[in-house]
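Please read the structure below before turning to the comments.
By convention in this document, chain letters (A, B, ...) are assigned in the order of the sequence lines, proteins followed by strands, and residues within each chain are numbered from 1.
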Amino acid sequence: MIGKKDLEHIGWLARIELSDEDKEKYTPKLNSVLDYFSELDKAETEGVEPTYHVLPMSNVFREDVPTASLSQEEALSNAPKNQHGFIKAPRMM
Amino acid sequence: MATINELRERIHADSSEEIVAEYLEKIEKSKLNAFITVSKESALLQAREIDSKGHEGPLAGIPIAIKDNISTKGIQTTCASKILTGYVPPYDAHVIEKLKAAGAIIIGKTNMDEFAMGSSTETSFYGPTLNPWDTKRVPGGSSGGSAAAVAGGEAPVSLGSDTGGSVRCPASFCGVVGLKPTYGVISRYGLISYANSLEQIGPFGSCVRDVATIFDVIAGHDPRDSTSVNREANYSSALKNDVKGMKIGIPQEYFGEGTDKNVERSVRDAINTLEGLGATTIDIKMPNTKYALSAYYVIAMSEASSNLARFDGMRYGLRTEDSDWHTTFSQVRAAGFGDEVKRRILLGTYALSAGYHDKYYLKALKIRTLIKQDFERAFADVDVLIAPTMPYPAFKIGEKIDDPISLFLSDVDTVPVNLAGVPSISVPCGFTNGLPIGMQIIGKHFDEASILRAAFAFEENTDFHTRQPEGS
Amino acid sequence: MYENPDGVMIGLEVHVQLNKLKTKVFCGCSTDYHNDPPNSHVCPVCLGLPGSLPVINRKAVEAAIKIGLALNCKVEEHTQFYRKNYYYPDLPKGFQITQYDFPISSGGYITIEGEDGELKVGITRAHMEEDPGRLVHEGTIDKSKYTLIDYNRSGMALIEIVSDPDMRSPKEARRYLDKLRNIVEYLDIFDGDLEGALRVDANISIMGGQRAEIKNISSHKGAERALLFEIVRQKNVLRRGGVVVQETRHFDEAREITISMRSKEEAHDYRYFPEPDLVPLKISGWAPAIKATLPELPDARRMRFVEQYGITDDHAKALTSELKLAIFYEDVAKKADPKMAAVWVCDVLKGELNYRDLTVDAFKKENMQKIIELLASKKITEDGAVDIIRTLLDKGGSPDEIVKEKGLLKVEGDIVATAAEEAIKENQQAVADFRAGKEKALNSLVGAVMKKTKGRADARTAREMLLEKLG
């Protein structure tokens, strides 16, 4: 079960600001899902390998040959803020 | 609802421009809210071009609607989220390139659950899509707009994406045909990821042939997707009205508690119909099915928590007022994502976090192995599996939205297919209280031919697919 | 035996950018962006646009294997990519594609000259990852009002080489970096002169305490400075009775100090998981073929130089410490006396180049061959040779022209003899002093001979002649 403190930590890890109201609202729902997930514990998986990729593929490459890039204009076309060809982000600290 | 063949004749006799204009008018007048963006100008322009060039290509002049999580160059692509409102991709998804090359005309982008997270199309920032059969009910999801558009006659064919049933569920609820191909058969390049190890783009149509036609156009190897497989196939040629000797498995677990009696009866009747056409049936046990839902949601949410980390308001999308970087990031996402998306990101973050990774994420992937083995064992004995697509028909808008577990439970029959990466097609197989029922035909990896053939034979011998909702 | 009085333990994480590849690691964008405007070498993949997917550059994998083999690592049978989830504006996807479990190579070592002789530094692993973009801060990172992002660098192939914490002093760390750079330069996959080609994070602890991770080190000298500062800082913390905390610190190159980056983001939880969009690699089978094409590495070349050319180990070491220099030397030695070439390249040319902040590219091998030929045939003096080298670097021309212009041809023996006789006649006091046992008086006589011959006499010959005549 997760409490308010856990939720704050997860919210920070996920970078989603949560209001007090959100925390109230989400906690029981998240816990009901986690409770449902406890079903997983019942499965016997001793010695079972995890499946990361459903098809047994390996060694897929591209050759080291340049392809067209976007123009600077295209690259910046969706950026809410930019300056002198750079994308503008908030201050770091 | 017109088929591609019918439209081809009309395009030949009249013009693509006229056909496209008719569909655009239909969309404009519709109350279904199946579309987020209608690309009227570019569609008409494209149609005129095709008309002037003489209708070359297998889909020349045929309008198609595209789920709004598939990137379309120059057309807003939002994933039905506030955070991507106004985002105009500078590139086309692989499937869009293929469709354009075949002469198809993109008429618009369809509504969906936000970032494909849902089974009802109710979590869209742009409001719910309504089911054409009963506008108080959901069309299913997450590709609800694409299915409703076809059922409502607003597009002859459309594309959706299926992460845990997002093509098959709305196909079932809206009474149309929807295909989820084998993982890797259609390039995901340009599909905005929800859970990349599970999802595939898939076509909708009013009949199996139309679905196969679109599938033929969009399937095939793409070097830009490392998980794209390299195999040649002609799926339309698999459409034979012949299931003699086909072995059908009936997985017992898919008819379990919670399955509507009328749904079960319709699907069993459908299996009988195929038996009558010469197929044989056996009961199959898939004992790990009961773990599939939990495993599916853990994997999907974990991957989603990472896939959606790029939405920070810097390069595209919503930007709130600047503070320091980390705070701005958190506020952009608080303002831009809806509740369901936030909850899934939070749960996925939790499932991958230190101390919980093995308990949730790793465990779910081990269960994925067990489920895959269930399918491998089943397909050692049978050619296809047949089961209900959804345990019940379309539910009412608002009925399940506040109870995440009950919403998850509606995916019980669709998610194992995504965990195993096998193909499945949903076809209409009955009605209950005026609402369509879908059955899914599941095949082995890369054996789309068998499921298309079974679906086609069933369709040729029944008329469920020809019924239309009022006003479509 | 080196005592290591402060119990210093240093481990380095070095990021080598594979900037000699034509394209980035997961997309086809060209790597040739250094002189181009920001955000002009980007595509949906390296810009992290929704829906884009990575595909691995085959040549980057080959280069990673080369590095692994050159560092004596084992190339793993099964390798795969992971997502490292963290957030920074230079990271367009909100995660970095890197390796975690199953790196491409691990368990190697290199040898460096340690505080007390040869030191074997363990290589924990060398793995592949993608480079983030470049951030520009107005002023310093902690004071800047906003951050500007250029994603041209985003998606460049990096090899992260993680060492064991085997180094015990900043000097050893610097030598490790020099050696590592030297090795990768030999592999011809990296141009160390390009901006951002090699970046270093340093982990350092003292007295068995917690370690600090120092980021943003961009030069070998910077690494040494940052570590020296950090040792002093940590010692001061301990002296005041404090505890060194595990944290990330930012190196401010201009002020030569490290700044704490401590904030909430310090609660790192990278939530690694395998990248679903990339399939695993099974490429250990490539290793033998790649090994066969591996060039001769610095240590091997050093030993060969000693053996083949009969030069001293110190000279061989200096010559092989830079690939270009080693190649230059061998080219010169093809047509000139190898021992003389070693002396003149190491002891003279290298110093003159360093003084002018030039590389050996600035000097033609033919000119070096000519100078050594003139020296060997005693046509010029050593002073004359130095003069030619300096003139070539400062003004250009050819050795023959310079010899002619400056009249550097060594004068004949009889002219020296005449000059010696004259010097003896004209410096009777010095002659008397010398005869009285003041050996130093001979120097002023040699000086007089040199003056008369305008420096073209060989000083040793002049001395011998004077002694003979005074005999």
Side-chain angles (χ1 to χ4, degrees), chain A residues 2 6-7 9-19 22 25-26 29-30 32-57 59-63 67 70-71 73-82 87-93, chain B residues 86-88 90 183-184 197 223 226-227 229 288 290-291 293-295 297-298 305 309 312-319 322-331 333-334 337 339 342-343 345-347 349-350 353 359-360 362-370 372 404-405 408 419-421 445:
Chain A
I2 55 173
D6 303 312
L7 188 53
H9 175 66
I10 302 163
W12 174 251
L13 271 183
R15 295 296 187 281
I16 295 176
E17 193 173 85
L18 298 170
S19 65
D22 289 336
K25 204 168 62 176
Y26 291 167
K29 285 193 179 180
L30 299 184
S32 75
V33 175
L34 289 176
D35 188 44
Y36 184 75
F37 287 169
S38 62
E39 186 78 10
L40 293 170
D41 298 337
K42 294 180 195 153
E44 179 51 63
T45 54
E46 183 76 38
V48 178
E49 288 295 316
T51 296
Y52 294 115
H53 296 88
V54 78
L55 299 177
M57 296 175 77
N59 290 3
V60 175
F61 301 106
R62 32 172 284 275
E63 300 307 320
T67 52
L70 296 170
S71 67
E73 191 190 346
E74 285 172 311
L76 300 177
S77 63
N78 283 291
K81 295 186 180 182
N82 55 69
I87 286 167
K88 199 170 173 183
R91 63 177 192 271
M92 288 314 301
M93 293 168 152
Chain B
Y87 168 65
V88 179
Y183 188 80
S197 81
S226 305
T227 63
V229 295
N288 293 296
K290 57 179 178 287
Y291 303 122
L293 261 184
S294 296
Y297 273 103
V298 167
S305 72
D312 59 5
M314 300 301 127
R315 296 159 303 284
Y316 39 80
L318 182 76
R319 177 77 161 262
D322 280 6
S323 161
D324 68 278
W325 153 258
H326 290 284
T327 306
T328 308
F329 194 146
S330 303
Q331 288 173 347
R333 294 154 68 79
F337 290 138
D339 279 343
K342 287 181 193 171
R343 283 198 297 264
I345 293 174
L346 292 168
L347 282 166
T349 302
Y350 183 67
S353 68
K359 177 178 165 62
Y360 293 112
L362 191 63
K363 182 82 179 184
L365 287 167
K366 289 178 176 173
I367 290 171
R368 184 175 193 179
T369 305
L370 298 178
K372 208 175 140 214
I405 301 298
F408 291 178
L419 288 168
H445 282 152

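Taking OG1 of A/T51 as the reference point, atom CG of B/L370 lies at 8.5 Å (rounded to 0.5 Å). We find the CG-NE2 distance between A/L55 and B/H445 to be 5.5 Å, quoted to the nearest 0.5 Å. Considering OH of B/Y87 and OG of A/S77, their distance stands at 8.0 Å, rounded to 0.5 Å. How far CG of A/N59 is from OG of B/S226: 11.5 Å, rounded to the nearest 0.5 Å. Once rounded to the nearest 0.5 Å, the distance linking OG1 of A/T45 with CG of B/L362 reads 8.0 Å. One distance of note links CZ of A/F37 with CG of B/L347; it measures 6.0 Å at 0.5 Å rounding.
For A/L70, the part lying near chain B is the side chain, with the backbone staying farther off; criterion is any non-hydrogen pair under 4.5 Å. Heavy atoms of B/K342 lying under 4.5 Å from chain A belong to its backbone as well as its side chain. For A/L76, no part lies near chain B; criterion is any non-hydrogen pair under 4.5 Å. Heavy atoms closer than 4.5 Å to chain B are found in both the backbone and the side chain of A/E39. Residue contact with chain A, scored on non-hydrogen atoms closer than 4.5 Å, involves the backbone and the side chain of B/T369 alike. Of the two parts of A/L40, the backbone and the side chain both hold a non-hydrogen atom closer than 4.5 Å to a non-hydrogen atom of chain B. Only the side chain of A/I87 comes within contact range of chain B, judged by heavy atoms closer than 4.5 Å. Heavy atoms closer than 4.5 Å to chain A are found in the side chain of B/T328, but not in its backbone. For B/P223, no part lies under 4.5 angstrom from a heavy atom of chain A. Residue B/A309: no heavy atom, backbone or side chain, is found under 4.5 Å from chain A. Neither the backbone nor the side chain of A/R62 has a heavy atom closer than 4.5 Å to any heavy atom of chain B. Only the backbone of A/K88 has a heavy atom closer than 4.5 Å to any heavy atom of chain B.
When A/S32, A/A79, A/A43, A/A75 are compared by the number of non-hydrogen pairs under 4.5 Å with chain B, A/A43 comes out ahead. Ranked by heavy-atom pairs under 4.5 Å with chain A, the first of B/L318, B/V298, B/N288, B/L419 is B/V298. Listed options B/K290, B/Q331, B/K363 were ranked by heavy-atom pairs under 4.5 angstrom with chain A; first place goes to B/K363. The greatest number of non-hydrogen atom pairs below 4.5 Å with chain A, out of B/S197, B/A364, B/P404, is found for B/P404. Annotation: maximal heavy-atom pairing with chain A below 4.5 Å, among B/A420, B/S323, B/A295, B/G317, occurs at B/S323.
Proximity of A/Y26 to B/D339: side-chain heavy atoms (C-beta onward) are separated by under 4.5 Å at one or more points. Counting heavy atoms from C-beta outward, B/R368 and A/Y52 have side chains that stay 4.5 Å or more apart. A heavy-atom distance below 4.5 Å is found between the side chains of B/R319 and A/P90. Between B/T327 and A/E17 the shortest side-chain heavy-atom distance falls below 4.5 Å. Within the 4.5 Å cutoff, the side chain of B/L346 has heavy atoms near those of the A/L18 side chain. No side-chain heavy atom of A/V33 sits under 4.5 Å from any side-chain heavy atom of B/Y297. In this structure, the side chains of B/Y350 and A/D6 stay at 4.5 Å or more apart for every pair of heavy atoms.
In this structure, A/D41 pairs ionically with B/K359, as a charged nitrogen and a carboxylate oxygen lie closer than 4.0 Å. Between A/R15 and B/D312 there is no salt bridge, since no side-chain N of the basic residue sits under 4.0 Å from a carboxylate O of the acidic one.
A/N78 contributes a side-chain N or O that, together with a main-chain N or O of B/V88, makes up a donor-acceptor pair within less than 3.5 Å.
Between A/L13 and B/S353 the shortest heavy-atom distance is CD1-CB, 4.2 Å.
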